[in-house]
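Since the structure comes first, as structure tokens, the remarks are kept for the end.
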There are 2 protein chains.
Amino acid sequence: MKHHTRQRQAILKCLDQAKGPLSPQEILVRAREKVEGMGIATVYRNLKSLEKEGMVRELALSGEGARYEKSGLTHHHHFFCRGCNKFYCVEGCPREISFMVPRGFVMEEHEIVLYGKCSECCGNRPV
Amino acid sequence: MKHHTRQRQAILKCLDQAKGPLSPQEILVRAREKVEGMGIATVYRNLKSLEKEGMVRELALSGEGARYEKSGLTHHHHFFCRGCNKFYCVEGCPREISFMVPRGFVMEEHEIVLYGKCSECCGNRPV
DNA sequence: ATACTTGCAAAAGTTTTGCAGGTTA
DNA sequence: TAACCTGCAAAACTTTTGCAAGTAT
């Protein structure tokens with residue numbers, strides 16, 4: 001039987017409030033505002049178990065270590081800002097991409113990542 | 001002035017002969033067939049410098065650590081096989097994706113990764 | 001009470017760096 | 001010869017694990 005701990009709830013809340021997937025470190029910093037003294041191991045452990053339960057999804061798309069987001073969101077993709085090294089969720093998808101699958105391969109999922117600068121890092125202010 | 005060492009040439013040759021981007025470990029194994037006793041540090045160092053020179057491109061798209069490929073290839077994307085944990089290059093691209101870029105953001109690049117099983121891992125033989 | 005979680009510290013990976021010796025131009 | 005590279009080992013990071021103590025049911 002799973003227990004509902006403050007730490008676990010804090011992690012889920014962080015993911016809820018984020019505009020995009022977060023790294024374990026980002027989660028730690030934010031979750032510590034809610035649960036003082038929380039350890040990084042707890043973050044990793046909870047992310048793993050939440051992933052196993054299907055509540056969270058791991059994304060590894062930037063050369064910066066994995067990010068995590070709630071699962072069950074509507075189909076979407078991501079934008080990685082090279083200025084602030086953050087991910088943002090983006091809507092839309094060019095549906096028809098199965099023509100890219102090589103003969104004999106089976107596609108189960110796809111992921112699209114746009115790289116560039118977010119509006120804040122976009123010239124308005126110095127990076 | 002850069003020097004042309006056997007190690008550097010071996011790494012480039014491995015990348016030339018591969019069907020998709022390779023991990024540093026994969027490169028080490030293959031390069032050692034050409035240059036006995038080669039060390040992993042040499043692989044990492046060369047990949048970094050080749051990347052800086054613009055000859056090699058880093059991809060980090062699988063939760064499995066970065067992969068590297070020659071740069072200057074024609075625009076293409078990748079398929080990650082969850083059976084053998086290898087990347088394959090795939091042709092084609094649904095050109096029009098700029099509608100996905102959020103207002104105020106600037107897109108510099110995009111990457112598409114298909115996940116699934118390659119033909120070899122696809123039922124024909126047990127994974 | 002029992003089962004599950006936590007924080008800490010140690011361990012296991014992966015990537016980077018320092019250095020003495022070797023190689024390239 | 002001077003500049004650059006290499007292999008090794010140590011260092012730096014990131015992620016996982018063991019364990020005694022704490023918490024949820």
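Remember, predicted model here, so these are calculated numbers, not experimental data. Every chain is numbered from 1, with letters handed out A, B, ... down the list of sequences.
- Taking atom NZ of Lys34(B) as the reference point, atom C1' of dT6(D) lies 19 Å away to the nearest angstrom.
- The stretch residues 4-12 of chain B comes close to DNA chain C through His4(B), each having a heavy atom under 4.0 Å from the strand.
- With sequence neighbours excluded, the residues forming a side-chain contact (heavy atoms from CB on, under 4.5 Å) with His75(A) are His77(A), Cys93(A), Arg95(A), His110(A), listed by chain and number.
- The distance between atom CG of Leu50(A) and atom P of dT5(C), rounded to the nearest whole Å, is 10 Å.
- Partners of Phe80(B) by ring-ring contact (aromatic ring centres under 6.0 Å, His included), not counting sequence neighbours, listed by chain and number: Phe87(B).
- Listed by chain and residue number, Phe105(B) satisfy the ring-ring contact (aromatic ring centres under 6.0 Å, His included) test with Phe79(A) (two or more places apart in sequence, or in another chain).
- Atom CG of Leu28(A) is separated from atom P of dG7(C) by 9 Å (rounded to the nearest Å).
- Atom NZ in Lys2(B) sits roughly 11 Å away from atom P in dT6(D) (whole-Å rounding).
- Residue pairs that meet the salt bridge (charged side-chain N to carboxylate O under 4.0 Å, His left out) test with at least one member in residues 37-55 of chain B, sequence neighbours left out, are Arg8(B)-Glu53(B), Lys48(B)-Glu58(B).
- With sequence neighbours excluded, no residue forms a side-chain hydrogen bond (donor to acceptor under 3.5 Å, both in side chains) with Gln7(B).
- The CD1 atom of Ile40(B) sits 15 Å away from the P atom of dG13(C) (whole-angstrom rounding).
- Salt bridge annotation for Glu120(B)-Lys19(B): absent, with no cationic side-chain nitrogen under 4.0 angstrom from a carboxylate oxygen.
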Mind listing the N/O atom pairs, protein and nucleotides 18-21 of chain D, below 3.5 Å?
unit_1  : atom_1 : unit_2   : atom_2 : d
dG18(D) : O6     : Arg45(A) : NH1    : 3.2

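- Distance Glu51(A) CD to dT16(D) P: 10 Å, rounded to the nearest Å.
- One atom, CG of Asn46(A), and another, P of dA24(D), lie 13 Å apart when rounded to the nearest Å.
- Toward the 5′ end of DNA chain C lies the nearest nucleotide of Val35(A), the other residue of the pair Val35(A) and Gln25(B) mapping further downstream.
- The side chain of His3(B) has dA3(D) as its nearest neighbour among dA3(D), dT16(D), dT25(D).
- In this structure, Met38(A) places its CE atom 19 Å from P of dG22(D), rounding to the nearest Å.
- At a threshold of 4.0 Å, the pair Glu109(B)-Arg82(A) counts as salt-bridged, since one of the basic side-chain nitrogens sits closer than that to a carboxylate oxygen.
- Among residues at least two apart or in separate chains, there is no salt bridge (charged side-chain N to carboxylate O under 4.0 Å, His left out) pair with a member in residues 29-38 of chain A.
- For Lys13(B), there are no side-chain hydrogen bond (donor to acceptor under 3.5 Å, both in side chains) partners, not counting sequence neighbours.
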